[in-house]
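Worksheet for the structure shown next.
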Amino acid sequence: MKNSFEDIVEKIRGRRILVANRGIPARRIVRSIREVFQAVPIMTATDVDKTAPFTSGAQELLLLGENSRAYLDVDRIIALAKGRKIEAIHPGWGFVSEDETFPKRCEEAGILFIGPPTEPMRFLGNKVEVRKLAQKLGVPVVPGSEGAVSVEEARRMAHELGFPVMLKAEGGGGGRGIYEVFREDQLEDAFQKASVLAQASFGNPRLYVEKLLIGVRHIEIQVVADRYGNVFTFDERDCTVQRNHQKLVEITPSPWKGMTSELRDRLKDYSKKLVLAVGYYSLATVEFLVDQDGTPYLIEVNTRLQVEHGVTECRYGVDIVEEQIAIAFGSKLRFNDKNTLPFNWAMQCRINCEDPQSNFSPNAGIITRYLSPGSQGVRVDSCVSAGYEFPSQYDSAAALLIAYGKNWPKILGIMDRCLREYTIGGVKTTIPFHRKIVAHPRFRAGDFDTNFVSNTPELMLYKDREAEALRLSHLVAEISARGFNPFVQLGVYRGRTDKCMGRFAPVLPAANFDEHISPYPRGDRQALLDFVRDSGYVHFMDTTTRDITQSNSGNRFRLAEDALIGPYLDNCGFFSLENGGGAHFHVAMLANMTYPFTEAEKWNRFAPKTLKQILIRSTNVLGYKPQPKNLMRLTGEMICEHYDVVRCFDFLNHIENMRPFAEVVMSHQAALFEPAISLSWAKGFDVPHYMGVLEEILAMMASVAGVSKKKAATMISLGLKDMAGVCPPRFVRALVIAIRKKYPMLVVHYHRHYTDGLFVPAVGAAAEAGAHIIDTAIGASVRWYGQGEVLSTAAFIEDELGLKTNLNKDMIRSCNFVLKQIMPYYDRYTAPYFQGIDYDVVEHGMPGGATSSSQEGALKQGYIHLLPYMLRFLAGTRKIIRYHDVTPGSQITWNTAFLAVTGAFKQGGERAVRRLLRVLEKVVTTPEKSLPEETRKERLMIYRESNDAFRQLLLGKFGRLPLGFPPDWVYESAFGPEFKQAIRNRTEASPLTTLKDMDIQAEKANLSTRLGRDASAEELVMYLNHPGDALKTIEFKRNFGDPNNLPLDVWFEGLEPCQDLVFNDSDGKPHHMLILDISHPDHRGMSVVRYVLNSEHFSFQVKVAEALVGTSGPQIMGDKGNPYHVVAPSNGDLWVTHVKQGDAVRQGQEICNISIMKQEKAVLAQVDGMVLRVLKAADYKEDKKMVPVKEGELLVELGTIPTVCAGCAKPVPMVECNFCPDCGCRLKSN
Amino acid sequence: MKGLGIFYCSADPLSRTGIPSGTKVGSDEDWQSDIIRLGPWEKCSPWVETKLINWSRSSFSPERIGVVLCQECSSALDLAWTLVGANAAEAWNSVLCARQTMGRGQLRRQWFSPAGNLYAAVVLPSVSPSWANFLPLFVGSGVLFGLQTLGVSCQIKWPNDLMLHRTKVGGVLVEERCGVAVAGIGLNLKRGPDGEMLRENAAFPASCLSYHGYAFTAIGLWTHLVDFLQVWYERTVAAGSPSALVSLIHDHIALLGCRVVVSDRGASSVSGRILGLAQDGGLRLAVGHEEIVIHSGSISVMQS
């Protein structure tokens, strides 16, 4: 008697049905068991799976224990099921679903098998049998052998068919066990191998031969049949998008234009015949390859429910699994051509936890985020959830994402937006890869074959990153847990519980930014110079966002705060805004994690009217040591793209050093080149001297521009740069008058610092003498070592001197108000040291910012009591070796003083220091002729402790010394016995003549390798100038995004628990973050930050302290990005360490070796360095002991090589060494 | 597979050193006759390291997988690293030498290296991180199944020894530097070390394939194996997952179910019953009522 579906529903209700499967199929089938039948769904589960999210729909679990392969043990499952009074078993797909003995064994146990009966299953499932049957029924098959063959038969067959052919394992299936042979001479060999592999893989060495079809599509027909001979065939599924015969995307109906209704009917007819011929019932899928002409070839029949059944369900609005269950219980098939009609298109993407960019390697781990797509046209069958630890033991399928709708364009659109909505965090998935497929024009045109993925490598090109808001939230968590921001490189400047400055919520005064029109012509330097010359008033450059407080807050201003005050500054009527260069270029990367030229580009957007000015250091470009010409030019070109005025100085006034920049800037019509004279005020540095320097500048410019000196003077502006702030007003007046008199057309731009307290009178003197442009800053930012304040300077010039200015003073006041709100944060965290006036600068010549930082250095190293001596040393040495007190000269002088004074102190305490200074005093005050012999000897101690940079300076390696080389005894003091050689080696040539060009292409390749992608032009220039900090910034951006999206207080202090933060991402979308809790550090030193981001909860671990001793010995985790940290590459056993503390190592040298399952991994030094400490060591050959290590654990810490022995050229290990440990030679430096 | 079967011979085969006295001459005769039988070869002579490097740079290409044959060197691994270091060898290029003066096993143990046996080193392709720790198992199983195509049914003694009838006939050592991995493969074809040359506590007696009735010559066997390793790579590493490889190897693990002692570990030694391989390539041991997975150590059978 035929049962109707309704009868079956009645029959099944409340019965116990087992799904012998896991993951997606188990969950899918449980749903159908529950929905209409109201039966009791039970699912098998191993220990790994027993609490997995996909088990939630099951009423009970059939626990299989710890063996993860237990799903394959049919007998055990049946025995357990019997004990649990289970009446029917559904095998799902995969695992044992194709085991033809399963139905029979179920039957023997008295359990109903939800699937086909054993005999027809065996018949259709066997490729050789089904092939014979097909030929009998007139169903075309792939030409090939009838059954398994020997090598000889294979060869004969291949000749008949023509190459290429396939060798297929009889026991294979699902794309596995297929070997392609393209040439006859490969056949024998391939056959042997394939046979062994088949034996190894499937336990059956037998092979058959088939023609290898090229350029084909994979098309399959879903069939459902009942026990009574009723068969229904659904429209085709196109599963052509595959990789290694594994399906990735399935579509119904096929979007291929060759898919005609006639072909469709043919395939359905073939499928129906095959199923009917063997008395098969339940579900089956008949798979064909179809060539470009539309000729089909049967490949195999799958006798089970398939992964891609869902698209058919969506096309027809039916439940195939429900029907399969009913049929197994004896129901009559409900579907027929009248009541079951297609009305949708549908497409499925298989979302797997695999990394397509790493050869689709499976990717187990905790899923940290899970946001599923939704709304109309979407179906998601997944087995995961947030917080689920995706296991490594099973296949990598995480979800089946189906889009369905009225037509192909609609489902393409739905799928694309679903793939954008779908968020699975913590593991790599195929989601971004599917987006590339869905976007590909050939896919959209339906024009692809089974090799589409392997022949379309561009599908792999995508960035798989978390959203920027999430990355930024990690940064906030990191800063919050520590209480300080490690990236600003200011040490532990505050603790987590320290008082906060309070929230930064700036009040921005209303201003009409459209009102002001800048009078300065932009884009034409000649017009600009003419305007300045003819204007009849004094012009102001603003240094607020760059030079004002130098190495403290000024250079550290972030783009975020620049963007707040920039629009005001843009409307103050300034000649230019100094917003880049000098130390800022470096600090932008070192501490602000910002790309410097991207920053300059943004400036030109939020402050578009005013000229932008940059400072560069001649051959030292934007760093601290001479660079080759080609790097100067490359950097110069990029500078000219973003800046209008390029001020260039050389600390030795060696004008030739500026030439490459002069050439680049002068070749740009828009850019104004401003060569600057470095100024000092001391014996020899007088007006005639500087007039001589000016002549050199004009001669060089004349040569670059191909004009006379007089003409050259009309094409540039001249900078006068008093970085130390030492030149008195009378001297400045005299100098400017002399310049204006000699070259009346030359535009003069005067720059000085406040250090001596005489800023306003000095600038006034310059203006009165005819200087056109002067440098000032906005009041709230003014500190003693920067420039003076704009409004007071203007008042002095206007009211006391009677000169004119043209400033928008109200706008300056508004700007000052904004700045007043910003400065407290920078003052507190970036400038905690000396900020006052020091008139003695006229003696010691130490530039402002340098005094503050040198005081900090002396304090931190415990020498603060020697600071007065150091300043006296500076005052003395300036009279012996004479150059200018600007970067990097000021650093060299400071280091020389520091080393001399601390060196003397180490030898004989303050007495020795006083003696040193007495000798120095005598040397500089007594003429050489009258100097006693004893003092001549004693003075050799003065530079004994000097460092390499100082000696390079003496040799002329930075450039020509402005007042000539110092006396010979200085060399004897600095170089020791070899001083005569040093004197012979001196040079007055520009370093540019000897510095070789760098191989920029090679460096670019090197950078791209390190980044794993092409480096941008800006990244290359960053890298060439400051490699280490550039890499750090690039990596920071990848990990965290743009930090300028975070407000100032959060950047320095982080968030307290329960504080709200609203920030924008780089697309301007707002996000809300709230920290719930920051835990105490655990034994590993890790603190867990729990927080909410846009209503989603997250946990983020931050290492805030060193780990305590653990069970397997103390572990200190290294910093993988730090090349001086030698870390374990993976978990394993350390068995040999080749180095000990104090050893010098070369880049690429093997430091130690780790055995990981008998693979021996050499751990190499990434840089040249010195072993500071060895944290873990082993010597297996000696003591037969290995030491377990954890991935990322710090094994050896390296330091920079402090110095090299002049005697034997070996590195000297410790700073304190006075004698070389290798050769015993006396060491000069340190 | 590209350009299989094209090989290069480096030195003038017998010119570098004479045959040391006491060595069975027959073994070197095999080497010579292989060279004649399997040629033609390209020669790089006289033997100078820089010449070899230049020669291999110009001769090897992705289409022409090269084998450098060498009469005698310190170790095939050393020579392979020299070529890798000079960018003169890429994936699947290999070195085969007739004798090694300083052959090494794991932890720099000595590897007995008289003439007549197979001493090879092959540069492995770079693999995704998920495969990084499976290279020894990949190479070991590749050699195992490669030998199986020739009718030899070996087993793997976890993780890197090849066993035949409970005797050790070969071993695999993978070394990695700077992300490049080179596998050293030693197979005793004609001779195994004598009893006294075995290291103390060696788990099994050593023997050689000829003792079990298999007559292979080094060059002939290696050209087959290096070829097969690439097939094996395509089927396992390129197309599958580590766990699939583990399940393929499972039935070929030596000493399944036996009680063994594992020593030479970072921690103390442990004894237990071998259950098979873990998903991560480690060895599963039943210790008392617990199952543990070990990732290092030397295995020996418990004497009862």
Side-chain angles (χ1 to χ4, degrees), chain A residues 66 68-69 176-177 179 185-186 189-190 192-197 199-201 203 244-246 354-355 357-364 391-396 1112 1129-1136 1148 1150 1153 1155-1164 1178 1180-1181 1184-1189, chain B residues 1 4-5 106-109 127-137 140-141 144-146 148-150 158-160 172-178 181 224 227-228 231-232 235 237-244 247-249 251-252 263-267 279-283 291 295-297:
Chain A
E66 65 180 24
S68 58
R69 294 158 68 96
R176 297 176 310 143
Y179 311 93
D185 60 347
Q186 298 170 333
D189 218 28
Q192 263 191 352
K193 282 165 205 153
S195 177
V196 173
L197 290 167
Q199 169 76 52
S201 310
N244 287 341
H245 304 281
Q246 302 292 323
E354 292 171 358
D355 183 1
Q357 289 172 328
S358 177
N359 201 19
F360 288 84
S361 58
N363 214 271
S392 59
Q393 288 90 338
Y394 301 106
D395 74 6
S396 55
S1112 56
S1130 43
N1131 296 348
D1133 292 310
L1134 179 69
W1135 63 277
V1136 62
E1150 182 169 326
N1153 204 301
S1155 168
I1156 299 149
M1157 290 192 247
K1158 301 298 158 80
Q1159 180 168 349
E1160 293 181 356
K1161 284 195 193 215
V1163 184
L1164 310 179
Y1180 180 80
K1181 281 184 117 170
K1184 300 279 177 267
K1185 280 198 183 117
M1186 293 198 247
V1187 178
V1189 292
Chain B
M1 241 43 63
L4 290 177
Q106 55 145 328
L107 309 176
R108 303 288 192 274
R109 283 174 184 141
V127 297
S128 63
S130 59
W131 277 97
N133 289 342
F134 287 85
L135 288 176
L137 276 183
S141 60
L144 179 128
F145 285 109
Q148 202 172 82
T149 61
L150 301 172
W158 184 89
N160 67 339
V172 169
L173 172 66
V174 177
E175 293 184 341
E176 193 207 294
R177 293 176 68 88
C178 297
H224 172 76
D227 191 357
F228 183 82
V231 177
W232 190 239
R235 293 301 167 209
V237 181
S241 63
S243 53
S247 63
L248 280 184
I249 300 171
D251 296 340
H252 300 275
S263 51
D264 284 352
R265 309 171 63 223
Q279 294 293 323
D280 64 0
L283 187 70
E291 180 181 323
H295 297 100
S296 65

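When reading the values below, keep in mind they use all heavy atoms of this one structure, side chains included, and skip hydrogens, waters and symmetry mates. Within every chain, numbering begins at 1; the chains are lettered A, B, ... in the order of the sequence lines, protein sequences first and strands thereafter.
In terms of the side-chain contact (heavy atoms from CB on, under 4.5 Å) criterion, residue partners of B:Val127 (sequence neighbours excluded) are, by chain and number, B:Trp131, B:Leu135, B:Tyr233, B:Val237.
If you measure heavy-atom distances from A:Glu66 to chain B, the contacts under 4.5 Å come from the side chain alone. Interface residue B:Ser247: backbone and side-chain heavy atoms are both found under 4.5 Å from chain A. Looking at A:Asp355, neither its backbone nor its side chain comes within 4.5 Å of chain B, counting heavy atoms on both sides. Looking at B:Ala244, there are no atoms closer than 4.5 Å to chain A (heavy atoms on both sides), in backbone or side chain.
Between B:Pro136 and B:Val172, the shortest heavy-atom contact is O-CG1, 4.4 Å.
With respect to chain A, the highest number of heavy-atom pairs below 4.5 Å among B:Glu291, B:Glu175, B:Arg177, B:Arg235 belongs to B:Arg235.
If you take OG on B:Ser130 and CZ on A:Phe360, they are separated by 13.0 Å, rounding to the nearest 0.5 Å.
Side chains of A:Ser396 and A:Glu354: a donor-acceptor N/O pair is present below 3.5 angstrom, by distance only.
Between B:Phe145 and B:His252, the ring planes lie perpendicular to each other; the angle is over 60°, past the 30° to 60° tilted range.
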